Structure formats: structure tokens, C-alpha cells
Amino acid sequence: MNVEQQLELLTARHVDLISADELKKKLQIAKKEKRGLRIKYGADPSAPDIHLGHVVGLNKLREFQAAGHTVVFIIGDFTGMIGDPSGKSATRPALSKEQVLENAESYKKQIFKILDPEKTEVRFNSEWLGEMKFEDVIRLSAHVTVAQILARDDFSKRYADNKPISLVEFLYPLIQAYDSVVVEADVELGGTDQLFNLLLGRELQKACGQEPQVVMTLPLIEGLDGVQKMSKSLGNYIGITESAKEIFGKLMSVSDELMWKYFMHILCRNPEEIEAMRNKVSSGELHPRAVKDELGRCAVDRFVGAGEGQKASEEFARIFSKNELPDDLPEIQLPAEELGLIELVVRTGFASSNGEARRLIQQGGVRIDDEQISDIKATVTPKDSMILKVGKRKFARLKV
RNA sequence: GGUGGGGUACCGAAGCGGUCAAACGGGGCAGACUGUAAAUCUGCUGGCUAUGCCUUCGAAGGUUCGAAUCCUUCCCCCACCA
């Protein structure tokens, strides 16, 4: 791949790029010296479920690998053990060493669904941060001013609002920047929320006598609610290790507007193709549901396995469009004695208290053999193959 | 060290002696509508052996017939000024 081709591939879909010229120069030098660039990507070890939000970045990393470059995937285990301040104002709990290691293992397994292991270097930042003395930390801090850190958007806002900012949070960007120095990153990738931290990496590299890294940010995609960015803590995510059924179902519940973004950043479809589909949808030539079905099938094929998408799509249509039963109903064993409906719903685990079961029944959410029962005093005698349905998606086949 | 503001259910936030299991908003759940879209509308959202009872408003005591609300002590958080 020549440099121009690489540039085209590598800069697709980005938000910020600092700077295109520098990237070009680095690519030219790398080509001349027949080596790959080092592309840094940092991951927080507290949330070991890789979800579609991460896939946006991983896809880009994969493209760098395709162009012959090396990905340096840094697991922030050191910072994870201290407690990672998330952007908002809440401070995440510190993880134990065991948890961090466990999470890291799970990370590795997942990222190689997308990345090429041959061209990936997985590093833990405790490797170098754990060695540092307090003196080293102080020296490092000398390179950065409070005003610089305070310039970060969320810090300045919180400061202006008299909201707390812990010193750890202040140090955090510095730690991340230092990682860039240690791994000698040529390029660092991150979400748009990382821009500040990535830029600080440049500053620190310069201060340490290195060529500053090129910084590229990618969009943060909204999660299932369509408003907030996809994140584990908000519970609005689709994990890449989830079942075909879950991935498909969750994608189908995404809004029509958001689905285009997913096509672009998750499936990496090119903009012309997406535009063409969009036009067909607005002219009525194509049903949005068909487009979303394609999104679901392709995503499942990619994350679960080829051919699984079609199955998931059919299963979905059967359950929700035709209102039939899923093919893998959990079976629940019960004695063949008459019992109250409320008790049945609680016993099967579909409600966590009698009160909740009562509510579900009164609201018409409970069906037995497809017959809605809204009398809370109703009793049932379980029989083999009796089907209990609670809400839209909880099913069970009773067994006596 | 000083001053001021706080700690209420999953979250945010009202309430400041009885009518408080605690307004309102968000979230969640269920129903209607649908493409399980989204949006919208409706209802529910502490527990129980259930017209009552029990636990809950940072903690422990106290005042009172009665406390989330008043008093005392304690714990914790935040901002500002030094």
C-alpha cells in the first residue's frame, strides 16, 4: 500500500486529526525504513466487556494493522487499581489486583475477535508505573501546569460550578500521557472525549525529547437509548460476546436515525453506500426495518459467526413479528400442585417479589398458554409443556 | 484553621411536627400503538401471611400522643476564605 492509499484508508471516519501532515510524514518515513508505526490505544480495565462503542476504535486499529502497522494496546491496570475517574464526577471504585488481571484476560480474548494478534502488543501500564518512585512522579508533574490541565473541558466546567475535582483526576491525564512516552507511540487513537488526554501525550513526548504522536479521535456512538454514549455503566451497550439473539434484538431496538451511524462506524460501510440506502428509505423504496435487519445480520455474522445473522433474523421474526415462541425455551421444573399465579411468577424468577408479580399480573403482562390472566387471585396447576410468558421477552416451559 | 452549604427511595431533587412509603423529573417495568422500531399515550415503580402490619429519609440517642421534619452527640461530603 502506498502512502496515499494508506492515508485514505486510515483517515476515514475520523473526527479530529492532529495533524494530517504529520501523519503523512510519519507514514513516509516508516515506508522508507520498512517498519510499521506504533499505534497506541488505551483501555480501562474496569469494564471488561468490549462493546460496540469500543468497536469503533478497534475497527480503525484493524485498518492500521492492515496497512502494516503495530497496535500497542495498553491495559490501564495500574490506574484501574487506584480507581478511574470517569468523565462525569463519579469516581469509580478501585479494583483489586485479581480483578484487574481477570478483566485483562477477558479483554485479550475479546479484542482478538477484531484485531490481528500478530500485529498487536498488549501492555499493562503497571509495568512501568509500578516502578516509579514518588520522585519520578514529581519530576513528571513539573512538565505540566495546573492551567493546562484545567483547560480540559469537563474540569473547567466542574471548577466553575464549584464541583469537586480530585487530585487523582488531575494526575490521570498525565499518567496516560506518560504511557505514550514509554511505548514511544507514533499515533494515538481514542474517542473524542479523549482529545485532551491525547494531546497532552504530545506535549509530554516533546518534553521528553520524542517526536510528538499523531492524535486521531473517533466518534463516540450513542447507546441503545439513542442519547447517551454507549457505556457499560449506563447499561445501554451491546457487547461483542453477547449471544446472536441479544445482539440482533438490541440492534433492532435502536432508533432509525442511529442505525446509520452504526452502519458507518461498526460495519465500516462507506459513506456513498449509506447515503444511497438513506435515499431509498426516504423515497419509500426501502423499508427501514429491512435496513435494520441487514445491520443486525451483518453484526451478528461478524461477532458471532458467519451464517448466524440469518438465523438470528429468522428467530427474531418468529418471536416478535409472528408472535411465536423462541426455539430455546428454558424449562422450569415444578411440582404438579395447584398454586397461586403470583407464586408461580415469583418461583420461576420472573419477578423478584410478590408485589412485583402482582403488578405484572394486574397490568396484563402475564400469559399462560397465550392466554392473558389479569386476576391476581388466579391459581394454576402446572402441567407439562405449559407455557408461561411474562412481559414481552420472558418465556418458560413448565415441567412437572 | 475559619465561614457557609449539604447527606431523602435506582439517580437527581422537593418536603422541614400529623393528611409521608414520602411531591416532581429521569431511569426501569407493564400495557396500547408498531417495524420488540423511534416518538407518543396509559398505568405501575419498598416489603409482607395486605382495607392492616413491618422496614426506610447519614448514625445513635432524646423531646412528643405522633419525627424525614424539633433537640443533643457523632460520622461523612462539598465549596469558599486563609
Side-chain angles (χ1 to χ4, degrees), chain A residues 85-86 88-92 150 155-169 221-238 243-263 277-278 280-282 284-297 299-300 312-326 339-343 345-346 349-367 370-377 388-395:
Chain A
S86 70
K88 281 151 223 143
S89 64
T91 310
R92 290 186 197 164
L150 209 49
F155 283 156
S156 52
K157 262 195 210 117
R158 281 157 65 187
Y159 192 65
D161 291 350
N162 286 351
K163 292 266 168 57
I165 303 171
S166 88
L167 201 51
V168 176
E169 290 178 81
I221 56 168
E222 289 84 5
L224 300 176
D225 55 277
V227 180
Q228 303 222 242
K229 76 165 186 172
M230 186 176 285
S231 81
K232 185 171 188 192
S233 53
L234 292 171
N236 61 353
Y237 70 102
I238 303 176
S243 68
K245 201 170 157 180
E246 285 295 316
I247 292 176
F248 192 90
K250 285 183 178 179
L251 281 171
M252 290 305 276
S253 78
V254 148
S255 76
D256 287 358
E257 204 33 55
L258 193 54
M259 110 185 137
W260 303 114
K261 218 169 177 176
Y262 283 22
F263 260 107
M277 280 197 287
R278 259 188 120 119
K280 279 190 187 169
V281 167
S282 45
E285 202 181 321
L286 196 58
H287 196 294
R289 141 108 222 181
V291 179
K292 210 177 285 174
D293 185 71
E294 185 182 339
L295 172 69
R297 274 186 285 117
V300 170
S313 167
E314 283 163 15
E315 166 95 348
F316 183 86
R318 183 164 69 239
I319 302 170
F320 297 107
S321 307
K322 297 182 192 141
N323 221 356
E324 289 169 13
L325 296 171
L339 78 174
L341 186 56
I342 291 177
E343 199 189 341
V345 173
V346 173
F350 290 159
S352 53
S353 70
N354 289 356
E356 191 184 339
R358 182 173 296 117
R359 247 174 268 134
L360 286 165
I361 295 166
Q362 280 169 342
Q363 291 175 145
V366 177
R367 284 164 188 273
D370 215 32
E371 189 188 336
Q372 190 178 69
I373 303 181
S374 51
D375 177 8
I376 57 168
K377 294 203 181 105
L388 174 69
K389 183 180 180 192
V390 176
K392 265 176 258 188
R393 41 205 307 190
K394 287 184 244 172
F395 298 89

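If you're wondering where the values come from, they're calculated on a predicted model, not measured in any experiment. Values reported hereafter were calculated over all heavy atoms of this structure, with side chains retained and with hydrogens, waters and symmetry mates removed.
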Counter-base of [N], judged by Watson-Crick or G-U geometry with both distances under 3.5 Å:
{"N": "rA39(B)", "value": "none"}
{"N": "rA68(B)", "value": "none"}
{"N": "rG46(B)", "value": "rC54(B)"}
{"N": "rC10(B)", "value": "rG26(B)"}
{"N": "rU19(B)", "value": "none"}
{"N": "rA79(B)", "value": "rU3(B)"}

Spacing of the [atom1] atoms in [M] and [N] (rounded, Å):
{"N": "rU42(B)", "M": "rG47(B)", "atom1": "P", "result": "24 Å"}
{"N": "rU19(B)", "M": "rG1(B)", "atom1": "C1'", "result": "48 Å"}
{"N": "rG58(B)", "M": "rA68(B)", "atom1": "C1'", "result": "12 Å"}
{"N": "rC71(B)", "M": "rG17(B)", "atom1": "P", "result": "11 Å"}
{"N": "rG7(B)", "M": "rA14(B)", "atom1": "C1'", "result": "15 Å"}
{"N": "rC33(B)", "M": "rA9(B)", "atom1": "C1'", "result": "32 Å"}
{"N": "rC48(B)", "M": "rU63(B)", "atom1": "P", "result": "35 Å"}
{"N": "rU72(B)", "M": "rC77(B)", "atom1": "P", "result": "23 Å"}

Test side-chain hydrogen bond (donor to acceptor under 3.5 Å, both in side chains) applied to [X] - qualifying residues, sequence neighbours left out:
{"X": "Gln362(A)", "result": "none"}
{"X": "Lys394(A)", "result": "none"}
{"X": "Glu314(A)", "result": "Gln310(A)"}

[X] has a side chain; which of [options] sits nearest to it?
{"X": "Asp256(A)", "options": "rG35(B), rC29(B), rU36(B)", "result": "rG35(B)"}
{"X": "Lys292(A)", "options": "rG35(B), rU36(B), rA50(B)", "result": "rG35(B)"}
{"X": "Ser255(A)", "options": "rG31(B), rG35(B), rA38(B)", "result": "rA38(B)"}

Sugar-phosphate only, base, or nothing, as touched by Gly249(A) at under 4.0 Å among non-hydrogen atoms: base

Phe248(A): ring pair (Phe, Tyr, Trp, His ring centres under 6.0 Å) partners, not counting sequence neighbours: Phe316(A)

Phe155(A): ring pair (Phe, Tyr, Trp, His ring centres under 6.0 Å) partners, not counting sequence neighbours: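 Here the qualifying residues are Phe170(A).
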
Glu294(A)/Arg297(A) ion pair, N-O < 4.0 Å: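 No.
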
Salt-bridge present (Glu222(A), Lys229(A); N to O < 4.0 Å):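 No salt bridge links Glu222(A) with Lys229(A).
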
Check: Ile238(A) and Glu246(A) side chains under 4.5 Å, non-hydrogen atoms: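 The answer is no, as the side chains (C-beta and beyond) never meet within the 4.5 Å cut-off.
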
Of Phe248(A) and Val366(A), the one whose closest RNA chain B nucleotide lies more 5':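 Its nearest nucleotide lies further toward 5', so the answer is Val366(A).
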
Along RNA chain B (nearest heavy atom to each residue), the more 5'-positioned of Lys394(A) and Ala317(A):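 Upstream on the strand: Lys394(A).
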
For atom NZ of Lys392(A) and atom C1' of rG35(B), their distance in whole Å: 12 Å

Under 4.0 Å protein heavy-atom contacts per nucleotide of nucleotides 41-47 of chain B, with B for base, S for backbone only and - for none: --BSS-S

Check: rA38(B) base within 3.5 Å donor-acceptor of Arg289(A) side chain: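 Result: no qualifying N/O pair found.
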
